[in-house]
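A short worksheet on the structure shown next.
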4 protein chains.
Amino acid sequence: MKKMGGNGFNNNNDNFDFGGAGLDTGLHEECGVFGIAGMPENPGAGPDADAAVCAYMGLFALQHRGQEACGIAVNDAGVISCRKGQGLLTDIFNEKNLQKLKGASAIGHVRYSTTGDSLAENAQPIAVSHMKGNLAIAHNGNLVNADALREEIELGGGIFHGTGDSEIIAYTIVRERIHSASIEEAVLKAMRRIKGAYSLLAMSPRKLIAARDPNGFRPLSIGMAGGKYIFASETCAIDAVGGAYLRDVEPGEVVVIEDGKLISIDSGLPVKKSFCSFEFIYFSRPDSIIGGIGVDWARREMGRALARENSVPADIVVAVPDSGLSAARGYSEESGLPNVMGLVKNRYIGRTFIQPTQGAREREVRLKLNPLSANVKGKRVVLIDDSIVRGTTSARIVSALREAGAAEVHLRSSAPPFRFPCYFGTDVPDQDALIAVGHTEKELAEMLGADSVGFLSDVSLSRILEGAGCPICKACFTGDYPIERPQSADKNIFQKPIRNL
Amino acid sequence: MKKMGGNGFNNNNDNFDFGGAGLDTGLHEECGVFGIAGMPENPGAGPDADAAVCAYMGLFALQHRGQEACGIAVNDAGVISCRKGQGLLTDIFNEKNLQKLKGASAIGHVRYSTTGDSLAENAQPIAVSHMKGNLAIAHNGNLVNADALREEIELGGGIFHGTGDSEIIAYTIVRERIHSASIEEAVLKAMRRIKGAYSLLAMSPRKLIAARDPNGFRPLSIGMAGGKYIFASETCAIDAVGGAYLRDVEPGEVVVIEDGKLISIDSGLPVKKSFCSFEFIYFSRPDSIIGGIGVDWARREMGRALARENSVPADIVVAVPDSGLSAARGYSEESGLPNVMGLVKNRYIGRTFIQPTQGAREREVRLKLNPLSANVKGKRVVLIDDSIVRGTTSARIVSALREAGAAEVHLRSSAPPFRFPCYFGTDVPDQDALIAVGHTEKELAEMLGADSVGFLSDVSLSRILEGAGCPICKACFTGDYPIERPQSADKNIFQKPIRNL
Amino acid sequence: MKKMGGNGFNNNNDNFDFGGAGLDTGLHEECGVFGIAGMPENPGAGPDADAAVCAYMGLFALQHRGQEACGIAVNDAGVISCRKGQGLLTDIFNEKNLQKLKGASAIGHVRYSTTGDSLAENAQPIAVSHMKGNLAIAHNGNLVNADALREEIELGGGIFHGTGDSEIIAYTIVRERIHSASIEEAVLKAMRRIKGAYSLLAMSPRKLIAARDPNGFRPLSIGMAGGKYIFASETCAIDAVGGAYLRDVEPGEVVVIEDGKLISIDSGLPVKKSFCSFEFIYFSRPDSIIGGIGVDWARREMGRALARENSVPADIVVAVPDSGLSAARGYSEESGLPNVMGLVKNRYIGRTFIQPTQGAREREVRLKLNPLSANVKGKRVVLIDDSIVRGTTSARIVSALREAGAAEVHLRSSAPPFRFPCYFGTDVPDQDALIAVGHTEKELAEMLGADSVGFLSDVSLSRILEGAGCPICKACFTGDYPIERPQSADKNIFQKPIRNL
Amino acid sequence: MKKMGGNGFNNNNDNFDFGGAGLDTGLHEECGVFGIAGMPENPGAGPDADAAVCAYMGLFALQHRGQEACGIAVNDAGVISCRKGQGLLTDIFNEKNLQKLKGASAIGHVRYSTTGDSLAENAQPIAVSHMKGNLAIAHNGNLVNADALREEIELGGGIFHGTGDSEIIAYTIVRERIHSASIEEAVLKAMRRIKGAYSLLAMSPRKLIAARDPNGFRPLSIGMAGGKYIFASETCAIDAVGGAYLRDVEPGEVVVIEDGKLISIDSGLPVKKSFCSFEFIYFSRPDSIIGGIGVDWARREMGRALARENSVPADIVVAVPDSGLSAARGYSEESGLPNVMGLVKNRYIGRTFIQPTQGAREREVRLKLNPLSANVKGKRVVLIDDSIVRGTTSARIVSALREAGAAEVHLRSSAPPFRFPCYFGTDVPDQDALIAVGHTEKELAEMLGADSVGFLSDVSLSRILEGAGCPICKACFTGDYPIERPQSADKNIFQKPIRNL
């Protein structure tokens, strides 16, 4: 998680975000999907442009979920056109090419690679034609039986252009489609075959279908704007197009929009809600609502619990911007310590490059995140970050605060310690890169140069989120996986014999 | 044929080439393929760089065959990497990205669309993975049973990312591969299924395979450089990498390069040589050798025959550069009339744009092709072009020469009149756009503003080429097709439900 | 002020920043300068790269001061090379072209146009050659006698390539240089002739000179890194290159760096300190220190004073991010009201485009700044912005908060009302566009849709800043100009007869 | 001369042109100017677009004269706007930015550097403002007293942004303008001060002025299109905009276009016509007419004379395309030997890159210029090139022809041997790089691997051109300079203290 946005110079960065364009609000990586079915009838009231512009705006609000690639597919009376590429939305789309994406419905995607290389071929949506028409697919998540499905498809003479899950999902749906009466029937049948995490949008000539795996690992919300239905990974995208949030797609549910009407179908698959807790901790925007829970609220509660569990005598609370801002506020409220601007983030950092010398790398953190000396000098600082993964950046921030005169630096993570790999869409590094593996908090403090290090307990995490009605997956903290892991524990077993650059 | 190179302003141009980069040597459109198997052992003697650079250089010599898209796939010990895109080679490749295309073997493609839209998805090579490995495919030509094959593949659950023939060929080979002992066996089996024109290169983890349809519609030559085998659409590409021309791949032959050795396999399909006569007339570079016949020689012979068949009292011979240069030389030699530079071509024209007003369009020909007044003033001109298709450009050139003072302008085409569509890879416009359909030479002269119009007879064309040992297809002139045409006479029956822009 | 970063779609935006790349920390526009004299001796300790990379990093920290154009000039043993262009630093510079900017000293500039059109010709630094050598110039500020100087130079046969002040300054220095023993003597003489605001860097073959006008309108600080001297508009740029802040260049002072030594020269001009108060309110980064005063501290004090002067019964304080963050914190601390995240800013907004329809424009604010409903619903909100200029954006934010459920919205500006034009480098719109002109706070509340509107008093502003030792210019609030205004009250009298696009 | 168009890989190329876009018609480098005064009244008849589009089209026909940089300045009721940059016209201009260049008059320039570095600052036109208005300048040529003029201007306090002559010319005109009643009077006065070669266009708010130095080194023709006057370096540019050629600007003449009327003014400077013979040999397009002499005609005459002076028993004549085409035709006509296509040029070569290994460089000539083996095998070849400068490329072509089977290769140059530097705008390399210096034809044959080498005599050159009424400068062949050379024989004495990249 928290991989950098493709500029390549910060391979060993850690739990602090530089952003694809050097900018985010403590929210990052993963993929984001957006769909809109049909055109608004009253332009003034809602989306006043065609579906592609709507998708562009919605994806824009989801850009923090993926800066590596993006794409939009539109459906114009059955003809599906698709544009995608590697880069930010503003790199791939402009007024001219959006205008060419004519169509009444659209699905879109922003990508941060979790499976597959950073290859052109893996950008989404994918648009394919098949016996009964055509189909565009965009999804967020990670299949755990991708290899087996791929092998089976290949045995049937299938060919793959890329290495991502979306092509496997498309094949699986298409193969079921041949023997199905409708596309939604094919999706339902396919859901019995694909295992893992998926929040899926599928656009056929006449329908827009949303489906969520029975664990509901990844978010997928339903909204309405201008009388038309919207699907989005986060509610902030519904806000961005002036829409209203209705509800989430339920785990195991298939939602079909046809002729402007919403039909809900229960897949019948056994549901075991296991929402990714890291969505609350880090991925999602603070203004999004997931499962009825506000993300900012959840983070503040984490900060509050952290203050209760891991209090330390100190003078001020300092957030690592932007991902630690909400938790720091909670910590401050609970502890009574003033919440102070102690680090200033350079908002233009994203696309810069730094010479890869040791000296430059040391100064990198200073260029991106400058301590506000006047506020920290002589102070005992509680430094709040959302999580600690590799620890390299944490160490640099601690060191920068000390150079700026902080008397003590107590590092607190609003997430429990990361100790286990994720197979459901969060890109956790190998275990040997996880600093929390095999180290006590005291050892970590020494390694990171902090006076103390503390984490939110996974018990508190559960209490906050499950207490508010959202059963979570916290396997990356506990190793307790809600579904079977891939047969091979190695995430990279898949031999990638082709690379479309 | 002779569509313009994508700049879009010359939709109604005719038999005179502006070129993708505004430049060519009377050679144009269609696709070009290039392949090299293995690395040179002695860098000084031949290709001194890796396979990708070799392919780049070879394709560079074939750029006149397609300016719309291009790509190179390399094979690095079984891992196939591919880069492709829409544009000229110099748009898509640079030193940096070529260096990333590591590999000992390579295949490449330059594309001029004859089937499928001008879409990103249709660029070649295509690189796919399948049950028994991976495969890259590049081909030149046009299948006549593409629709039937596609339908069959879709019935088996296949999905298509694009609309071109190459994906169909790949599928067909892969499906045969499952039940075949080797990739070449799969290619041979696939050849029994695919009908039409194809000069095909297929690269598997260990082999490079070349195959040519049993009619041998499109060229494919074999060369050697630095001890390694080369395949190229034209011999000029073998020259470009410092190689030596060995022979052509025979119609119906499959050539396999494995471990540095060449194995020839007879497909056993009934061979009926029908080489595209338009390759000699227009497509190929004058310095290429096809079937043992030099292109420049053939064109000069056409010019000579034209002089004999269509002589007219005149003072000078003027070629439309560059495609009419060789024929004009032959006409001059045979007629004894001096061959004069009467039109000067602007070599920078390719990428310019002209405002689409009537006045500008009228002046367009002047910007691209300026009459050399001093040489034509008061002269009776025999104007030699390679062919007359729509006639619009011919009319403008005739008019420009008259304005420059030519006393008479006698237009002569070194090709017979175009009257029938081509289904084998030459992009002939619809019949109602073909000016020669339904008009006598006298009527054509009036329509084009010329004092007379004359064509090479198809009898002479056959005499020259078949007399030199190359049985030809001249269906576009005679309507006599060497193989069955597609069931649907309409080339555009295929409904394209997806468009990857 | 607060013009948008060149994307052109937000002409009528107001007091809320979208940023050149959609991102800033409540800091904006104006120009920024950076200079470094000589190379570091011990690379590990400080700038480990050449002067150009140092300048790039320093300017990067100043990017918020100008996103329109940028440039760097280097001095390599007397040869001055300059690269500049329109765009962000990351648009103009890359590793390759920075490497070509060899040199031991450098000056750089980021530009937000205050004088002159947005033309290529007006990018800085300007590098010129003259009788006694060559010279590069970069400055921040605005001359008030530019027209008179220009006329005089033209009378002497001078020609101008652009419309900016820097060319006038260069000419003035060069003309004095002819009759001066040294470049610094020429600068001192030129300072007697140029009137207005300027923080100037001049690089000659052997010297780097910094000069500040006798009012000290614009900031200019001195630092040291790796044993070499640095000049920068803000101290955050000194931090960015790992340097230490020494002091500011004094109003009326000329500082010369030669052979690694710093020489201070008093210009002898009558000093009347009048530092731009808007630097504290808006322009500068919160982690910068100006005249010994921390910007974040000053803003918090403004927020505190605002709470005392303009208290209102409310439930929460909400900042307009990022420019209102510090003041909101101060207001919260003083009032005791909780400081809540009520608006979330999209960090990717900078380079997007929105269709210019009415509906889209209405939704623009929502795309860029999304209310966090859960936090504001049913609450009486004190909304803190740094200033209110045109009022259009303020009105939209107020409206968005109401839609999100806020019970009351009380808008508070940490700056006094804007009522007068600035002639010293702040780009204030025409008076008739200033919403505060001729309206009471009550009227403003109605116009902006707020329950109440309040401003910091200019008395408090003076008390805070002058009390901390920094005499300020607050002419834009009071109309009390510290020096004579331009003869023509119209800022745009200069006829621009040439435009280098 | 014959430097390559900026692709940098062919530093040591010689007398064979690869072109900026890899394409030309035996015409190259130097600069080209184009001007149009006022708008056409009847769009159908002539230029149907605004002045900028006209200039674009005219410059397009002059692109062979310079591929390094280009620019257009337009005059819109006194406001002069200018766009320029480094690259081809198609790199710098597009429909959108041409539309922004509104104006009734325009001047434009294509640049091949002869003085000054390849720097952004040296692109033309230059547009400046001065006491009495504004002025845009574009010129072709080279001043011989540039250093003295520059020094004098600098003594008066002048500053220079670039290193080219155009800024010196602009200053000189502007300084005279102060004391002159009109811009044309200022131009006339300036002409008394500037020495050397210049074909100059100057655009003031109300006038378009053309001036040519009293030697008339460089061409400048007058045309008319749509009732408006045109100036162009070559008549092919007048053709390109549908105009009619009227006459040349005479050496020492100043032509003023004001209110649609042409006024001719004799500068009174002593005229000594010395037209650059290399314009006929190489620079100009074959369809241009200079001083009433057709370029193709002149080249054919040179070829004829060459055949008479340097006959050799042979079988065929082969031209080096494109620059040797016309001369080869003349040689063929005179000698009776058939003129055969023996070398085929790749029209796409311009923008490619080749890895700079020895092997690649050896093969470079093969990639760009492929021998047509069938035509040369076993033949005794007379190889006609326009000139032999460094000899490196000649050697490679000779070698390539031998490899292709030529029995003998006799190299003939339609120019006399290059032995002396040019100070008037032709970029001749240093004398020690000129292969003809100090070597007999026999030695040259050995050095170049040819069976014999022969040149046109300078006596014949004079006879042809002066006999047709055009007194020429042939100093590069004879060392007999028509005007005094620069005081310093070294062309590079000017120390360039600034470089605007």
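Below, chains carry the letters A, B, ... as their sequence lines are ordered, and counting in each starts from 1.
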Practice prompt. Against chain B, label A:Ile178 side chain, backbone, both or neither, depending on which of its atoms sit under 4.5 Å from a heavy atom there.
Written response: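 When you check distances to chain B, only side chain atoms of A:Ile178 fall under 4.5 Å.
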
Worksheet item: Where does A:Ile153 contact chain B at under 4.5 Å (heavy atoms): side chain, backbone, both or neither?
Response: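 No part of it gets close to chain B.
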
State the [atom1]-[atom2] distance between [X] and [Y], to the nearest 0.5 angstrom.
| X | Y | atom1 | atom2 | answer |
| --- | --- | --- | --- | --- |
| B:Arg150 | A:Met131 | CZ | CE | 13.0 Å |
| B:Asn134 | A:Arg499 | CG | CZ | 12.0 Å |
| A:Ile159 | B:Leu135 | CD1 | CG | 8.5 Å |

Fill in: Contact leader toward chain A among B:Asp76, B:Val174, B:Asn97, B:Ile126, where contacts are heavy-atom pairs under 4.5 Å
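Most pairs with chain A among the choices: B:Val174.
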
Discussion item. Counting heavy-atom pairs closer than 4.5 Å to chain A, which one of B:Cys82, B:Gly156, B:Ala127 comes out on top?
Written reply: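 The residue among B:Cys82, B:Gly156, B:Ala127 with the greatest pair count is B:Cys82.
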
Worksheet entry | Nearest atoms (heavy-atom pairs only) where A:Ser129 meets B:Glu154 |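 In this case the closest contact between A:Ser129 and B:Glu154 is OG-OE2, 3.8 Å.
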
Worksheet item: When only pairs under 4.5 Å are counted, which of A:Glu151, A:Lys132, A:Arg83, A:His161 shares the most heavy-atom pairs with chain B?
Response: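 Top count of heavy-atom pairs under 4.5 Å with chain B: A:His161.
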
Item to complete: May I ask you to name which of A:Glu176, A:Glu167, A:Lys84 has the most heavy-atom pairs under 4.5 Å with chain B?
Response: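 Top option by heavy-atom pairs under 4.5 Å: A:Glu167.
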
